[in-house]
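Here the structure is laid out as structure tokens; the discussion comes afterwards.
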Amino acid sequence: MSLTRRDFARTSAVTGAGVVLAGSVGALASAPGALASTDTERSGEASTAAHGGVGYGPLIPDPQGVLALPAGFTYRVLTHSGRTKLESGEFTPSHHDGTATFDGPRGTTLLVNNHELKGPRANWEYPVPLTEGLVYDPAASGGCTVVEVRPDGRVAEWVGIAGTSTNCAGGRTPWDTWLTCEENSDRAGVNGMTKDHGYVFEVDPVDRRANKDPKPLKFFGRYDHEAVVIDPRRGHAYLTEDAANPNGLFFRWTPPKGFEHGRGRFRTLADDAGVLQAPKCYDSGGKFVDDLSRATRIGTVYGVDWVDVPDRDARTTPVRKQFSAGEITRARKLEGMWWGDGGAYIVSSYAREESPGQHDGQVWFYDPKRRTLTLKVLLGVNPDPSADGAFDGPDNITVSPYGGLVIAEDGEGVSHLFGATDSGRTYPIARNELNIGTEEEPEYSEFAGVTFSPDGRTLFANIQTPGILLAITGPWKRRRR
């Protein structure tokens, strides 16, 4: 049953601030640069002052020029494109992106690591190797590798899927597989591709045989996918689209009646199985909201209705262009997602002139029970991205076992991993010090694939370029509010 605008307005009037403060992470904001008037705003220029003393203390420069961390923390390089090798003897592919962790056999930890490689294989020095039986399109460069970290510290890596394009983020399923998302929707014949792209694929980190003959999960739609999460209770999938002209959408997929999730079950579904829908949001007064950048205050709550997608495979028209003005709600740079606290955290990385409002990042929380979106994080436009201390361009995200969120930056200038406490105070966790530019014009790649090990002791993260998977350990503890 849909939640009507009238119902939402009436509910908001009755519950008041209780609606605004829904969600256990609370109202989060970045400082400096936050648009909300909260206790996270700071005026200090130094990083430690700017973040109010919360977190683990100042970041200490790395003599190796890779990763600055707080005192007591260390990192280890697990894979490095062009240096480490797969079991097959080929080099680790480049451009690491979305990642998830899993308990493996005999005390191992398994990670599935996306490689965001677009276009023909000739464009890249280290594409994902075309492993027999695991290839979707032999012309495409991307895919996933599976990384095994053994109790004695040894690392092994092998291909999970190959021949896909621009594998950006994705999502971990409740049945312990990985859904990898193609952020590219080239048709066969475009850019040398031999098959259509813009799909989601499932990768099993444990059972290599389950990955044979990759099958696109077409019922999730064909568009520039970014991330996906699964509601473990209701069975819905929620997906984001990173696109512009016009701005992209996030989606809800409802499985067919009687369908039961589980390993290999997606392969049994028809291409048009279930229902794919886009959101239509409205404020507490019942007014339609055309774009999420309209929200300018932490705690903003929108009601959500869902509108059927006419042609999910986009045979003639891209999915996001199949809707007229007033039919659905859009957002710029819809990026990472994570399921936690009974709902989906959804990132909009930034908005500029193409959007009604401008910001340097939003994190929303979708509550499926209440069918509401609540703005949890709002980053103001960063006036000086080259200066340390401010955060911008959130991308991949995870819910921390120690409370709050951990977010990977894909902004301009300095690049961080940063955390946000339950009450909204932000703090740095790591800074990328690997300069891939020049001394005169330094450049630092984005972070991606932020995720904790199953036991919560290790934070894994990627430096996308050239492609480095890092394991960060230290005195993790629950953050004070």
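Along the sequence shown, residues are numbered consecutively beginning with 1.
Taken to the nearest 0.5 Å, the CZ atom of Arg352 stands 11.5 Å off from the OG atom of Ser293. Here the CG atom belonging to Asn432 is positioned 11.5 Å from the CG atom belonging to Asn462, to the nearest 0.5 angstrom. In this structure, the separation between OG1 on Thr451 and CD1 on Ile397 is 12.0 Å, given to the nearest 0.5 Å. From Asp395, atom CG reaches atom CD of Gln464 across 8.5 Å, with rounding to the nearest 0.5 Å. Annotation: the span from Asp204 atom CG to Ile161 atom CD1 amounts to 12.0 Å, rounded to 0.5 Å.
For Phe452, the ring-ring contact (aromatic ring centres under 6.0 Å, His included) partners at least two apart in sequence or on another chain are Tyr402, Trp476.
A ring-centre distance under 6.0 Å is found for Tyr302 and Trp364. For Phe266 and Trp175, the gap between ring centers is short of 6.0 Å. Phe460 and Tyr75 have their aromatic ring centers separated by at least 6.0 angstrom.
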Report task. List the steps, then state whether side-chain contact (heavy atoms from CB on, under 4.5 Å) holds for Ile472 with Thr458. Result -> CA-CA 6 Å; Ile472 302 169; Thr458 304; 5.7 Å; no
Requested in this report: Could you walk me through whether Trp253 and Phe220 pass the ring pair (Phe, Tyr, Trp, His ring centres under 6.0 Å) test, one step at a time?
Outcome: CA-CA 7 Å; Trp253 176 78; Phe220 285 146; 5.1 Å; yes
Query raised in the report: Does the pair Tyr136 and His197 meet the rule for a ring pair (Phe, Tyr, Trp, His ring centres under 6.0 Å), with working shown?
Result: CA-CA 10 Å; Tyr136 170 64; His197 291 270; 5.4 Å; yes
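With hydrogens and angles left out, the side-chain atoms of Asp392 and Asn382 include a donor and acceptor closer than 3.5 Å. Side-chain atoms of Thr145 and Glu157 form a donor-acceptor pair, as typed in the model, at a separation below 3.5 Å. A donor atom on one side chain and an acceptor atom on the other are not found under 3.5 Å apart for His225 and Glu182.
The local environment of CZ in Arg83 is sparse, with at most 12 non-hydrogen atoms from other residues, nucleotides or ligands closer than 6.0 Å. Within 6.0 Å of CD on Glu412 lie no more than 12 heavy atoms contributed by other residues, nucleotides or ligands.
Of the options Arg332, Lys333, Arg330, a salt bridge (charged side-chain N to carboxylate O under 4.0 Å, His left out) to Glu354 is made by Arg332 and by none of the others.
A salt bridge is absent between Lys376 and Asp341; no separation between the charged side-chain nitrogens and carboxylate oxygens falls under 4.0 Å. With salt bridges taken as basic N to acidic carboxylate O contacts below 4.0 Å, none links Asp152 and Arg150.
The cationic atom of Lys85 (NZ for Lys, CZ for Arg) lies less than 6.0 Å from the six-membered ring centre of Phe91 and within 45° of the ring axis. By the 6.0 Å and 45° rule, Arg208 stacks over the aromatic ring of Trp158.
Using bins of under 30°, 30° to 60° and over 60° for the plane-to-plane angle, the ring pair Phe391/Phe418 lands in the parallel bin. Taking the six-membered ring where the residue is Trp, Tyr238 and Trp339 present parallel rings, their angle staying beneath 30° rather than reaching 60°.
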